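A quick write-up on the structure given underneath.
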Amino acid sequence: MKMRDAGLFALVAALLVLTGMMQSWNLALQILNMGLISAIMALGVNLQWGFAGLFNVGVMGFVALGGLAVALTAMPPVGDAWRAGGLGVFSALIVAAVAITLAVVIWRKRLPARGWLVAAVLLVGFILYRELFDPARDAIEAVNPALQGNLGGLGLPVLFSWPVGGLLAAGAAWLIGKTALGLRSDYLAIATLGIAEIILAVMKNEDWLARGVKNVIGVPSPLPTAVELQENAGFAARFADPITASTIGVKLGYAVLFAVVLIALIVLMQLALKSPWGRMVRAIRDNETAAEAMGKDVTRRHLQIFILGSAICGLAGAMMTTLDGQLVPGTYQPLRFTFLIWVMVIVGGSGNNFGAVLGGMLIWFLWVQVEPVGAWLIGALTSGLPEGAFKDHLMDSAAYMRLFTMGLVMLLVLRFSPRGLIPER
Amino acid sequence: MAEPFLIGEAMTGGYGRGPDILHDCTISVDPGQIAVIVGPNGAGKSTGMKAIFGMLNLRKGRVVLDGDDITDLSPQDRVRRGMGFVPQVNNIFPSMSVEENLEMGAFIRNDDFSSTMAQVYDLFPILKDKRHQAAGELSGGQRQQVAVGRALMTQPKVLMLDEPTAGVSPIVMDELFDRIIEIARTGLPVLMVEQNARQALEIADRAYVLVQGANAHTGTGKELLADDEVRRSFLGG
Amino acid sequence: MIVVDDIHKHFGGFRAVDGASLTIREGSITGLIGPNGAGKTTLFNVIAGHLKPTSGRVTMGGEDITGLPPHELFHKGLLRTFQIAHEFHSMTVRENLMMVPGDQTGETLVNAWLKRRQIAREEEALRRKADEVLEFLTISHLADEKAGNLSGGQKKLLELGRTMMVDAKIVFLDEVGAGVNRTLLMTIADAILRLNKERGYTFVVIEHDMDFIGKLCDPVICMAEGKVLAEGTLDEIKANEQVIEAYLGTGLKNKEMANG
Amino acid sequence: MDLLNAFVALSNFVLVPALAYGAQLALGALGVTLIYGILRFSNFAHGDTMAFGTMAVVLFTWLFQSWGINLGPLPTALLALPFGIVICMGLVLLTDRYIYRFYRAQKVKPVVLVIVSMGVMFVTNGLVRFIIGPDDQRFADGERFLISARTFKEMTGLDEGLAIKTGQALTVVIAVIAVALLFWFLNRTRTGKSMRAYSDNEDLALLSGINPEKVVMVTWLIVAALATLAGTLYGLDKSFKPFTYFQLLLPFFAAAIVGGLGSPIGAIVGGFVIAFSEVLITYAWKKVLTYALPETLAPDGLAQLLSTDYKFAVSFVILLVVLLFRPTGLFKGKSV
Amino acid sequence: ESHASEVKLGVILGFTGPIESLTQAMAAGAELAMSEVTESGALLGGAKVTPVRADSTCVDAGAATAAAERLVTAEGVKGIMGADCSGVTGAVLTNVAVPNGMVMISPSATSPGLSEAEDNGLFFRTAPSDARQGVVMTEGLIGMGVKSVAVTYTNNDYGKGLADSFQQAFEAAGGEVTISAAHEDGKADYSAEVGALASAGGDLLVVAGYVDQGGAGIVRGSLDTGAFDRFHFPDGMIGAALEENFGSELDGSTGQVPGTDSPGAAKFAEVVGDKFDVSGPYTGESYDAAALILLAMQAAGSVEPGDYKSKVEMVANAPGEKIYPGELAKALELIAAGTDIDYVGATDVELIGPGEASGSFREIKFEGGKMTTTGYR
Ligand SMILES: Nc1ncnc2c1ncn2[C@@H]1O[C@H](COP(=O)(O)OP(=O)(O)OP(=O)(O)O)[C@@H](O)[C@H]1O
Ligand SMILES: Nc1ncnc2c1ncn2[C@@H]1O[C@H](COP(=O)(O)OP(=O)(O)OP(=O)(O)O)[C@@H](O)[C@H]1O
Ligand SMILES: [Mg+2]
Ligand SMILES: [Mg+2]
């Protein structure tokens, strides 16, 4: 059994090596890097679903928050914007926070007519908020709108943004967990999905925060960039082909960074899983009522796990934005950042950390490589056909082979191991 | 002696690819008879019932109903051949109403089953009160009554009951036993597993004690009741 | 020990528990009987915090525990079993038992990462304890089987086993006997008596088997239609006309009992 | 008069479109909810199944149009609909036979079926684009309007027009009929009840002599019919484009869940809740208020609660609020 | 080796995803330029140009980067025609093109932000930046006497940028924008947007979206409810689909696309014939992008991006002999002969500043269900 797991990892490694040899090492490393990030996201989802049975379909939102953290941490601050509206925006946000807290407190107090009171507090809060916020926002967005128009970030080294991404996601998860974790299965799923969409709507439309759909580009890199290496005389002199050397070097650097994070996470999660804590969590997943009767605080555990899993997704999101070098809210699509991650977890084997990691690497590899494979497939299929409109039509359709092939491969893999490639225990 | 009406003969088998649970186990029942299976927990009583009903792959042995070898039939086909079964657990449709549960029991019948339903309600009056309530909201004992009622609705040629009296109150249990005797008198063979073994053996024409998947004692109910060892080990002294 | 004061529990318009009041004496083994649907399980669920009562109060040792969640009641020493077995199906039988004790060091995440040694020690002790319980329940051979694969009766035993993993003050047993072999049930009865005598556990037992009730319980409370119908020793209860009519009946079983 | 104008404006821009959109969502959500209720998984391929069925309808419509067959004022697509449904049924039965059945036999967890359905989604997705391409296709013909804004104005002499499209009217009528039929089928007929029994307790259904394969087949057939119907009606009202159909999945699920998974009525109500919340919350009341209020009180701004950017966010907020108060939806749905 | 016998060019566009329905024609445009060059046999002594397509997905930066990585490092392309959407374009540029020193010409990324990206002179675009169009559009509308408009834009950097720049210009010119509302592409229903737009009112509706995306949905809804019967369409909305879908319903509406009174666009249509639909957005730009890469190669006498990147602006801009679509063979020969050329192409390419198209625009009016050109600006 263990042999088989190792074999599967070897298979993924072999696929990457094959890519390196048949196509290029740059491509192989690029796939590896995103694969590592995907594996981390899959770990987060696996923690929530595989271990605790929490159906989180809002992964995208947490990943996006991780990305936002990068923009808010690593980008240089925009001084003019801060002067124009920093104070206004923050006092508005504080007003909003106070109003909401007050409303919650009143609600909890069970006063008579609390509904009206809460509504009144929220209404006054909202009006006050808009009064403070709108002019401040307009002022900020007016500062050099083509390139900035936002507050910018803290100008810290970009690696700081990774834990910040985790924290930001954790904070959001706390809020969500407090309200929505009472929901079961698919109801929780659609709630988280909705919240992810809300997070994204905010990121797309609040330009003062991180430029909204106008995107943040030029995120600083934690490693020297390939271009810097190429311009470095010493480096250029040492290698015959400085371009390849530099691009591969940078990717290796990222690979090491990502691998360190991934391994640390796996170790922590394996330790937790094999401990009484893990046993308790599995018991809760199996039967909440009984676990509750056996003295386990189900709500707290759920909250804890939801926060941790989401934080891991946020961390991965920050890592990904760092790797991309830009924050583009439009990129965050549920298909890619929620459902694909789910495919990774299930195909890999939910409830098993190694399964999730394997799934992350393998599915990402396929996601990228089914395109040439699909095109090749079409080429092979049509090679026997006579030239003509039909063949042209098929050749033009080659692009759609990408998703088609992806679906086919998924179905095949699941056919042979319906419980995932490395099932739970 | 002619072959019994229903017989699971020399059955050996287990769940999926797991180890054998049944070992060369034989259980049979004839029209008009009540056959009772008793034995410790985990002996394989339920497994034996499921094997007869085709919910388990037998590795050895065969099942014969009314002279036909039905070893390879699916459970559904066995239902159509007139076998009725009340499993030990998960034996109701929780989100359907009591009445719909009973209707489902009569699913394979094409005739008018309202008189059977009236009989069931007579037998279990509480169900009549709750006929429109979802079965999943019933108390444990009420569910058990629904389960038995559902099987009766089939008007089977042979009735198999896995612990029908678990969790039902004494008064209902007595009624149930009375009713089972009545059913058997009409010529319908009844095969049941019971932990309320003493009462069950009282009325059993044929009784089996299963231990670890094998026949340990066989005889009439009275014989086994009289057997000291059986009393001590399985009937609670 | 536990005082139930005029508890009502309504589902929609239906009154499952309809003004039940009763007292459970410390150190007693109280039997709770009544026809199917009398509201016994519902009352358990209210006391043990799984359901919020529509109205009424439950106190434990003078402290109001109405509406407290089950996990808090567990830590106050109140345990329960389920009528329909609630095993942790994908875990082994032994794990099912080992997860029970509260305040395990390894149940905090940080400890799970840092205090490996202490956890290992605790686990060893727990494992021994679990094996003892399994031995007692005659299912040692199933220790490593997945609980979901147990037979109906074995699951009930596991339910009971869980309550034996910790030192409880009061244990609510909801039909542990249904589906359990009678010989074993008598052994269980002995164990309950022993726990009651030696460790001072209080028990509340729902059961339809009069032998079992007779062997253990004093007093016996009979519920019907959500209310307490009668209370007293088993003999008193058996003699109660209302109880006979609603619950015991005059059938074969009681005839036999009367004889035997 | 002004009040009348206000009401007409509101109907034209809010009530009528939301009603039609709600009915479209409802029909889609019905399919989703049925699969969830009976086969117990969330079917991600539903949007693409819909695209596939509609594609068949479009192709048949073109064929009929080329033969010169039409239905006069009604869209030709109605004639093509039965053919499209049959083809879509073929597709779902094939996928069930060769894909889902295997996993059913294995008794896998529902989430695995969800992922499998995503595989099916990708494959169907590719198929549709192979056959008809990713582009917008128009296939509506016949009278576009029951009553157009201009005609309405001329008829009534009001300043505001009210447009009712044939497609909208058809959608609402058909949605009502479909739900009534489905409800009757599930709760009154033998097959319908056996489907519910199967979803409740598969093993016991077997013991009652219910043929599971038949239940599954009937479910898929109904789903295929509903999907094609929903897709065609949507396409007639707007247009047919595979990507949009895939994107419809999200509001479908939202509708099915708000209503309570597994509940047909829930799906309908959910569809309207989602549709109306999307349209109402971001509506700029300026026009209506200007008519309805005396001149002095008329608003300067747009009188818009939130900008349309937050349309989806808002409808999800409403969904959340509903779920917080009714954790399994408005009509007590199932949860596996 | 400068006289390569085969030159591969990458065509990286979103063949799947939100703009999948635009990209086939765009790719066909680019590939047309390539086959034209191949057939001429004039590129660097008869090199054959092979397109290699890759899917940018339009939205998934990770997949796009990997696809570009494959083109550059595995397929060995010598230049990239693409990418399409600004987000993935930025990712491909910084993560693949710049590190590998690869020239990249995008036919459709219009975000002003990209002008500021570190590109080492490798990045160009043939679509004009949004800022310019906003001004042109304002001039046109004010010229027609339009005083107040409602605006809706597709919620991405293109739409938002265009809407913002237009609003700024239009208000500066004394016009009123009654509402500027975003719409998301690919959604099911646009009643809410139409309702809000109608309520705000205005002489006409400016739709800064895509012709086969949300833009079409908005127009459909507005026409059906009678909210607007006059529209103004920027480049993303101009396409045959508009005529096909709405026909004479749009009579009186106006719009503009990049283009000049130069005969480029017409010639392009002629060259294409019925091979694919030329009127979709960015097909001409795609043709031009591919052509520019190839002409620059010829000018540099090398297929290596490092060599020819500096030639792109040279072949694109005046002075020199004007080159129209279908004349690539002639252009290659002229360059080989040492004559300077000024590539006009389908969209009157003129690169200004850091690799950007200057953009002149063709104004359009709908009459009798057809788009007619009314002038140039
Ligand atoms: N969730 C529920 N919704 C509606 N009715 C319920 C619900 N739970 C229980 N009931 C009803 O409450 C009544 C009491 O049920 P309860 O389970 O307490 O009975 P019980 O006394 O434990 O019976 P038994 O001996 O059969 O276990 C029953 O009639 C049952 O139908
Ligand atoms: N689904 C299953 N998979 C694997 N093993 C099982 C399964 N169900 C039961 N077993 C095992 O088979 C053995 C016999 O179980 P069975 O249910 O037949 O016992 P039983 O005699 O009915 O006991 P009880 O009186 O407790 O109901 C038990 O040891 C049990 O652990
Ligand atoms: Mg059993
Ligand atoms: Mg009970």
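In what follows, chains are A, B, ... by sequence order, proteins preceding strands, each numbered from 1. Treat the numbers as computed from the prediction; the structure is a model and nothing was measured.
For the pair D/Y310 and A/V202, the tightest heavy-atom approach, listed with the atom from each and the gap, is OH-CA, 3.7 Å. Between D/L261 and A/Y187, the shortest heavy-atom contact is N-OH, 2.8 Å. Between A/P418 and D/V112, the shortest heavy-atom distance links the atoms O-CG1, 3.6 Å.
Ring geometry for D/F44 against A/F339 counts as perpendicular: the plane angle is over 60°, on a 0 to 90° scale with 30° as the lower cut.
Top candidate by heavy-atom pairs under 4.5 Å with chain A, chosen from D/V108, D/L127, D/V116, is D/V116. Across A/L414, A/V347, A/L183, the residue that shares the most heavy-atom pairs under 4.5 angstrom with chain D is A/L414.
When heavy atoms are compared at a cutoff of 4.5 Å, D/I257 approaches chain A by way of both its backbone and its side chain. For A/I199, no part sits under 4.5 Å from any heavy atom of chain D, backbone or side chain. Heavy atoms closer than 4.5 Å to chain D are found nowhere in A/I176, neither backbone nor side chain. Residue contact with chain A, scored on non-hydrogen atoms closer than 4.5 Å, involves the backbone of D/Y98 exclusively.
Side-chain atoms of A/M410 and D/V123, non-hydrogen and from C-beta on, never get closer than 4.5 Å to each other. Here the side chains of A/L335 and D/F246 are in contact, with some heavy-atom distance below 4.5 Å.
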side-chain contact (heavy atoms from CB on, under 4.5 Å) between A/L411 and D/F102, intermediate numbers included: CA-CA 11 Å; A/L411 290 176; D/F102 169 80; over 6 Å; no
Pair D/F312-A/I198, side-chain contact (heavy atoms from CB on, under 4.5 Å): steps then yes or no: CA-CA 8 Å; D/F312 299 102; A/I198 293 171; over 6 Å; no
